[in-house]
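To start, the structure itself, in structure tokens.
Just follow the structure's listing: the first ligand is 1, and inside any ligand the first atom is 1. Values below: all heavy atoms of this structure, side chains included; hydrogens, waters and symmetry mates excluded. This one's a predicted model, so the numbers in the text were calculated from it and none came from an experiment.
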Amino acid sequence: MRKPFIAGNWKMHTTISDAINLANGIKRELVDFNKADILLCPPFTALSSVSEVIMDTNIKLGAQNIAWEKEGAYTGEISSIMLKDCGCKFAIIGHSERRKYFGESDETVNRRIKAALLGGLTPIVCVGETLEERESDLTIKVITGQLEGGVGNLSEEEAKKIIIAYEPVWAIGTGKTAAPHQAQEIHEFIRGWISDKISSECARLLRILYGGSVKPANIRELMKEEDIDGGLVGGASLKVESFVEIVKNSI
Ligand code: PGA
């Protein structure tokens, strides 16, 4: 059985004090909760402060991006060493917003994944199709390309350390969740692809999260699907109540 995994992606929200309050609220409600893995991904500026809040709890810390080099003349980038220094254990890589607004490509996704793995961080690799791609029947082609380019050259040992998040772009921040069977279809495809390309053992262990308008009201149905192992939550992770309810409803 794969343990449920709920990650809150705070995106470009929260000042340091907002982040401390949010993390404290979540900690108060979930401090003894161990039936799901819980991850908070605040903005870089709040990582250290949130790390202090959740120290000595099961709640884990992640970044929303990671540089592909360890150090050097890369203005504006944050490396695995720096992230670990802030208490991070995870890094979201290839989120559709980074692909859309910041020129992220499958190649840079792959480089960031390698850097995360080398630095001892767990990459949460995002894939997903746009509405236009879905309507043109290109979903499988797009996901295959993203998997091939992003994780296709990982060894089995490396692939066993990653998490994949399927986030249909049309469902992110729109209030339109993929129907559980629609998400399941793609999750099953992703697991099958990993099984073919890497190994069936790796596919069996791999946690695949769904992201895109996850809410307390829909996580239960999503989690009933065989290949959905958790959620990557944006908007609803910014309120203590809704995030805590999502975590509780995920088990
Ligand atoms: P959303 O965002 O829950 O606000 O749709 C999800 C994400 O982008 O990770």
Side-chain angles (χ1 to χ4, degrees), residues 4-14 18-19 22-23 26 36-44 46-47 50 59-66 88 90-104 109 112-113 116 121-131 133-134 139 142-143 146 150 162-180 182-184 186-187 190 207-223 225 228-250:
F5 190 107
I6 302 292
N9 172 13
W10 296 1
K11 307 193 180 182
M12 199 172 71
H13 295 289
T14 70
D18 294 338
L22 181 53
I26 292 168
D37 285 329
I38 304 162
L39 176 70
L40 306 182
C41 301
F44 290 125
L47 285 173
V50 171
I59 304 170
K60 297 180 181 72
L61 188 70
Q64 299 173 19
N65 192 16
I66 182 171
C88 282
F90 295 77
I92 298 172
I93 298 176
H95 190 282
S96 63
E97 287 149 16
R98 296 222 57 88
R99 293 179 190 261
K100 181 172 172 196
Y101 303 121
F102 303 103
E104 192 79 69
V109 165
R112 292 185 204 280
I113 294 170
L121 292 152
T122 300
I124 300 178
V125 183
C126 303
V127 297
E129 81 287 1
T130 63
L131 184 59
E133 289 160 347
R134 174 160 283 262
T139 302
V142 168
I143 304 290
Q146 291 171 339
I162 71 168
I163 290 175
I164 292 181
Y166 168 58
E167 298 205 305
V169 179
W170 48 272
I172 296 177
T174 58
K176 275 190 219 158
T177 325
Q182 271 179 320
Q184 164 60 23
I186 307 303
H187 282 231
I190 293 170
R207 285 190 284 188
I208 308 176
L209 317 181
Y210 167 79
S213 299
V214 171
K215 299 181 216 68
N218 58 28
I219 187 71
R220 225 189 278 275
E221 291 305 310
L222 287 160
M223 292 299 289
E225 299 290 340
I228 301 182
D229 307 309
L232 180 52
V233 188
S237 72
L238 290 168
K239 293 238 160 60
V240 174
E241 261 174 41
S242 50
F243 186 69
V244 167
E245 224 182 310
I246 289 171
V247 171
K248 291 186 175 163
N249 290 353
S250 75

Need the ligand 1 atom indices (1-based, order shown) with element for anything under 4.0 Å from a heavy-atom of [X].
X    : answer
N9   : 9 (O)
H95  : 7 (C), 8 (O), 9 (O)
S213 : 1 (P), 3 (O), 5 (O)
A171 : 5 (O)

Without swapping roles, check the side chain of [X] against the backbone of [Y] for a donor-acceptor pair under 3.5 Å.
X    : Y    : answer
N249 : P216 : yes
R99  : V109 : no
S237 : G8   : no
S213 : A171 : yes

Exercise for the section: Could you name the option among G234, S96, A7 that has the heavy atom nearest to atom 1 (P) of ligand 1? Expected result: G234
Exercise for the section: Starting from atom 9 (O) of ligand 1, find the nearest protein heavy-atom neighbour and note its residue, name and distance. Expected result: E167 OE2, 2.7 Å
Handout entry: For atom 4 (O) of ligand 1, closest protein heavy-atom neighbour
Key = G235 N, 2.8 Å
For ligand 1, is there an atom lying under 4.0 Å from some heavy atom of [X]?
X    : answer
K11  : yes
G173 : yes
G211 : no

Exercise for the section: Heavy-atom distances under 4.0 Å are what count here, so tell me which part of C126 touches ligand 1: side chain, backbone, both or neither. Expected result: neither
Are any of the N/O atoms in [X] less than 3.5 Å from those in ligand 1?
X    : answer
T174 : no
I172 : no
G212 : no

Exercise for the section: Consider only side-chain N and O atoms of H95 and E167, and report whether a donor and an acceptor are under 3.5 Å apart. Expected result: yes
Exercise for the section: Report the residues that fulfil ring pair (Phe, Tyr, Trp, His ring centres under 6.0 Å) with F243, sequence neighbours left out, ordered by chain and then residue number. Expected result: none
Practice task
For residues N65 and E104, determine if any side-chain heavy atom of one lies less than 4.5 Å from a side-chain heavy atom of the other.
Solution key: yes
Fill in the blank from the handout: For K60, the salt bridge (Lys or Arg N to Asp or Glu O under 4.0 Å) test, sequence neighbours excluded, returns D37
